[in-house]
Enquirer: 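Structure provided below as structure tokens; questions to follow.
A, B, ... follow the sequence lines: proteins, then strands. Residue 1 opens every chain.
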Amino acid sequence: MLAGRALDVAPVLLNKVLVVGERAGRIVEVEAYEGADDPASHAYGGRTERNATMFGPAGHLYVYLSYGVHHCANVVCGEEGTATAVLLRAVEPVKGVAQMRAARLAARRDRDLTNGPGKLCEALGIDRSHDGVDLCDPRSTVRLVDDGIPPPPSPVRTPRIGISVAVEHPWRFCVPGSPYLSRVSVRSR
DNA sequence: CTTTGGATCGTCT
DNA sequence: GACGATCCAAAGG
């Protein structure tokens, strides 16, 4: 299921559940990052110490530090040796909301707990120590679970957010109408 | 509601 | 030495 290109895997990840210890969230927004061909990808320009996990087997978690402040989490796709991954941009809290609240004092509304790539990592407690974990191994702290709710048949597609190159590709996928998205439409920057 | 600027540091050139 | 796959508070409409 995670073996293909990020572009194909991304929409399939919608409505899957990300479980971290006692906390869990339903994925409602993702972005596809292709590897060597994608100037916006961390893997563009080749393998480095930071992005090594992206070049590993599918189904593992790639976590990096953004702006020296926040962590962001990706699901690695593709064959070993290729670097294609899906950035998790927003989830709907489904379990452990009290813990998420404690971890995110800045959140005013429940939807502010996890409606952004850095926010969801802070709420769920994901950091660089989770880089490389196998999401399909039941023993892992971070897991990806299918609870039977299928992906939306017609996900909303928009350009990716926060990048300055390859902005023309509509590689952001959202669950239509979800109140837990990071943004409904793409704003300037 | 929208816009703007600052924080902060690991990573790569 | 420069730059982010970001977030938040503050200020203005």
Enquirer: Do other residues, nucleotides or ligands put more than 12 heavy atoms under 6.0 Å from the CD atom of A:Glu168?
Expert: yes
Enquirer: Rounded to the Å, how far apart are A:Tyr44 OH and B:dT13 C1'?
Expert: 15 Å
Enquirer: Judged by each residue's nearest nucleotide on DNA chain C, which is more toward the 5′ side, A:Lys119 or A:Tyr33?
Expert: A:Tyr33
Enquirer: Checking A:Asp134 against A:Ser140: is there a side-chain donor and acceptor pair closer than 3.5 Å?
Expert: no
Enquirer: So, OP1 or OP2 of B:dG10: does either fall under 4.0 Å of a side-chain N or O from A:Arg128?
Expert: no
Enquirer: For A:Arg172 and A:Thr158, does a side-chain donor sit closer than 3.5 Å to a side-chain acceptor?
Expert: yes
Enquirer: On a heavy-atom basis, which atom in A:Leu2 and which in A:Gly59 lie closest, and how many Å separate them?
Expert: CD1-CA, 3.4 Å
Enquirer: B:dC12, C:dT6, C:dC7: which one has an atom nearest the side-chain heavy atoms of A:Arg104?
Expert: C:dC7
Enquirer: Whole angstroms only, please: what is the CG-P distance between A:Leu87 and C:dA5?
Expert: 10 Å
Enquirer: Tell me the interatomic distance from A:Arg183, atom CZ, to C:dC8, atom P, rounded to whole angstroms.
Expert: 12 Å
Enquirer: Expressed as a whole number of angstroms, how long is the span from A:Tyr64:OH to C:dC3:P?
Expert: 18 Å
Enquirer: Return the 5'-most residue of the pair A:Ala73, A:Asp112 with respect to DNA chain C, ranking by each residue's nearest nucleotide.
Expert: A:Ala73
Enquirer: Could you give the CZ-to-P distance, from A:Arg108 to C:dA9, as a whole number of Å?
Expert: 6 Å
Enquirer: Partner of B:dC1 by Watson-Crick or G-U wobble geometry, both contacts under 3.5 Å, or none?
Expert: C:dG12
Enquirer: Closest approach to the side chain of A:Ile163, judged atom by atom: which nucleotide of C:dT6, C:dA5, B:dT8 is it?
Expert: C:dA5
Enquirer: Name the pairing partner of B:dT8, where a pair is Watson-Crick or G-U wobble with both distances under 3.5 Å, or state none.
Expert: none
Enquirer: Grab the NE2-P distance between A:His42 and C:dA5 for me, whole Å please.
Expert: 4 Å
Enquirer: Measure CG/A:Leu65 against P/B:dC9 and give the value in whole Å, please.
Expert: 9 Å
Enquirer: Given B:dT11, C:dA5, C:dG4, which nucleotide is nearest the side-chain atoms of A:Ser41?
Expert: C:dA5
Enquirer: Students often get this wrong, so: under 4.0 angstrom with heavy atoms, is A:Ala40 touching a base, only sugar-phosphate, or nothing?
Expert: base
Enquirer: Rounded to the nearest Å, what distance is computed from the CD atom of residue A:Glu49 to the P atom of nucleotide B:dC12?
Expert: 8 Å
Enquirer: How about A:His42 and A:Tyr33: are their ring centres within less than 6.0 Å of each other?
Expert: no
